[in-house]
J.: 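Sharing a structure here in structure tokens format.
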Amino acid sequence: MPVSSQIVNDIGVIVFSNPPLNPISATAGIPQGIAAELDALEAQPGVRAIVLAAEGRMFSAGADISEFDRNAAEVGGPIRALIARLDACRLPLVAAIQGSALGGGLEVALGCDYRVAAQDARFALPEVTLGLIPGAGGTQRLPRLTGAVRALEWIAAGSTITAKTAHEAGLADALAEGDLRAAALAFAARVAADGRRRPRDLPLNTEGFDEAVAALRAKPQNPGLRMAVEAAIAAVSAGQGADFDAGLAEEYRIFDALLVSEPARALRYAFGAERAVARVPGLDPALRAAEIRRVAVIGAGTMGIGISLAIVQAGLQARVIDLNPEALERARARSEATILRNRDRGRLSEAAATAQIAALSYSSDFSDVKGHDLIIEAVFEDMGVKEKVFTELDRLADPGTILASNTSTLDVDRIADFTARPEDVVGLHFFSPANLMKLLEVVRGAKTSQQTLATVMGFARQIRKVGVVAGVCDGFIGNRMFEEYLRQAYLLLEEGALPAQVDGAMERWGMAMGPLRTMDLAGQDIGWNIRKRRAAEQPDRPYSRVPDLICEQGWFGQKTGRGYYIYAEPGAKPGVDPEVEAMIVAESARLGLVRRQISDEEIVERCLFALTNEGARLLEEGIAARPLDIDTVWMNGYGFPRFRGGPMFYADRVGLPKVAARMAEFAKGNQGWAWAAAPLITRLNTEGRGFAALNEGAK
Ligand code: NAD
């Protein structure tokens, strides 16, 4: 039974169970079950109060997000009806909260008169992160417990609140010293005689509210979240009239409208996609990841430093091995400085910082690769160097150790064949800075074993990265698509746009950083090398000389003070560079192109549909298993806005027929021959389907 009840010394106890997260799901019968038990207990003359408790490690993770794509009445209805039933109860109600009380779960607890919490309980109304607001009274009841200012602050940020803070703020009425259920029963017995104290009947403290709203509006916010934050302000404001039910109705109205909004749809999709990537098609789900504790990182350069930091931040040991003792010393100094900076900024305790530093060790002796569960190679991007390293690893590493390469562009299958154990070899493509970036492309070689793949996916989770499986090709999922995105940015410059317009259009649309600024940040010399190679390898794709002209000046971006923009210092705001603009205009003339006014809309469509088209090719080739894998790569590694859901999801929302029609238009323009639609897009259009069809069953 998902919901049951009993009576303990005149106190009714309702317990619901929907493991492991206890969502208040109507499909699982939870809200209906609680209401039925309430009816039964209320009908018992001896019962003086009721405790509402949940089985398992957490009280409730809230509503079931997988049910949110239904119509608004079905989504909000059952929890709202349950809370209305709690409101109508004649007996005092006490919620007993362990683990987390999130979203709809917390709203149910707010429908009770009191909340008794375990010491380590956590509270949150995180709906804003899904482009929503609480939609079952959270914006109306929480302010009456904590004051409107605090409630708005928490709701607008989706903050997680500790039990201690919740207690101080009035959200929790007591913290359990020992057994939570016993503490809640004792609390209920104490308050039983007082009658009800419904949050809806409490006075509302609005002191400082206008200032809090102004401060919230002054904060920079991405356009996707801004909408939900404004909605939160509107809903909490609506609760300040005399009529509680009118405020509640306004909250319901706002929630129901947001539920079907584009940002909320995309954020829900992103949430599901980031979980679905861990379920790798074709990988036996029964396979357990082997435990990884000791990791060796070969190469103490930019990536070796970032990767080893990511490892020790997750509580594992990292041994960094480099033949160059100076590189090792530099790595040690930089890593320690990063850890100490995190400590000084309050992100790490003194003890945690000391432990991280102690977990890092350095060696210039290659035989130290022994005794590790996983070895990650991050040496120079050169097949000859990789061959030397993997031959040595094969000779020296313990049997069963996973051998991973962080290569960005080289063939992982060839690297695997440098060893006699290609089944243990895999690509682990980190993004820079590797200690901060969430994405980890896991490159599955032709001979990579299922067990190796399962273990490195587990390792990705362990070090708190989002692991996405990709097949072997030059650039894998992310960088292969990024090249097409950049290609359009360069062609737009030739045709009439200037760098600030291209970047501005993409950033206003929601990208964290425009393509040209991104190249200035990453360092254009790396891209230049790859482009030179591509010009020979891919004669079937158009080539723009614009970035080469800039590189030929030695202007590689922030690190040289100049790139597409001028930088007063690294990290400084990009300034317009008239010389670069003149070079671009001269290149248009050389090509015989009459520069034209290009709309932001065209910039956005060309850059994005180039991504979609290349993404479709990756799906055809099996490099990416599902559109959601591609979208997750873009949202976690390239600053693609989550509220747009990734390039494949976005194309579906635009409509694939329209995407194909726009591509056909672009095909008539400069270098239009590059705009041949991927056959998959044509096929999906013929079948009247979108990319979403290829995700089905995955979530
Ligand atoms: P880097 O030049 O900063 O560092 C490479 C390090 O490898 C140097 O310290 C060097 O001394 C060491 N090294 C060279 N040969 C060695 C050998 N035989 N044995 C041991 N150590 C050796 O390079 P990086 O930017 O850190 O890149 C490393 C790898 O990561 C490359 O394959 C690169 O393509 C890949 N990668 C780089 C980035 C990035 O943004 N920089 C991102 C993803 C992947």
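Ligands are counted one by one from 1 in listed order, and the atoms in each one are counted from 1 as well.
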J.: Tell me, with the steps shown, if Met511 and Thr518 meet side-chain contact (heavy atoms from CB on, under 4.5 Å).
T.: CA-CA 11 Å; Met511 293 299 290; Thr518 302; over 6 Å; no
J.: Under the ring-ring contact (aromatic ring centres under 6.0 Å, His included) definition, can you give me all pairs with a residue in residues 501-520, not counting sequence neighbours?
T.: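 Matches after skipping sequence neighbours: Trp509-Phe640, Trp509-Tyr650.
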J.: Within the 4.5 Å heavy-atom criterion, are Met648 and Leu694 side-chain neighbours or not?
T.: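 Not in contact.
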J.: Got a sec, which residues hit salt bridge (Lys or Arg N to Asp or Glu O under 4.0 Å) with Asp548, two or more places apart in sequence or on another chain?
T.: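 Asp548: salt bridge (Lys or Arg N to Asp or Glu O under 4.0 Å) contacts with Arg531.
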J.: What residues come within 4.0 Å of ligand 1, counting heavy atoms only?
T.: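 Residues Ile298, Gly299, Ala300, Gly301, Thr302, Met303, Asp322, Leu323, Asn324, Ala327, Phe366, Ala378, Val379, Phe380, Glu381, Val385, Lys386, Val389, Asn406, Thr407, Ser408, His429, Phe430, Ser432 each place a heavy atom under 4.0 Å from ligand 1, listed by chain and number.
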J.: Can you tell me which residue pairs pass the salt bridge (charged side-chain N to carboxylate O under 4.0 Å, His left out) test with a partner in residues 369-381, sequence neighbours excluded?
T.: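 Residue pairs passing salt bridge (charged side-chain N to carboxylate O under 4.0 Å, His left out), neighbours aside: Glu377-Lys386, Glu381-Lys386.
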J.: Tell me, please, whether Phe271 has Arg275 positioned over its six-membered ring: NZ or CZ under 6.0 Å from the ring centre and within 45 degrees of its axis?
T.: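 Judged by the rule (NZ or CZ under 6.0 Å from the ring centre, within 45° of its axis), Arg275 counts as positioned above Phe271.
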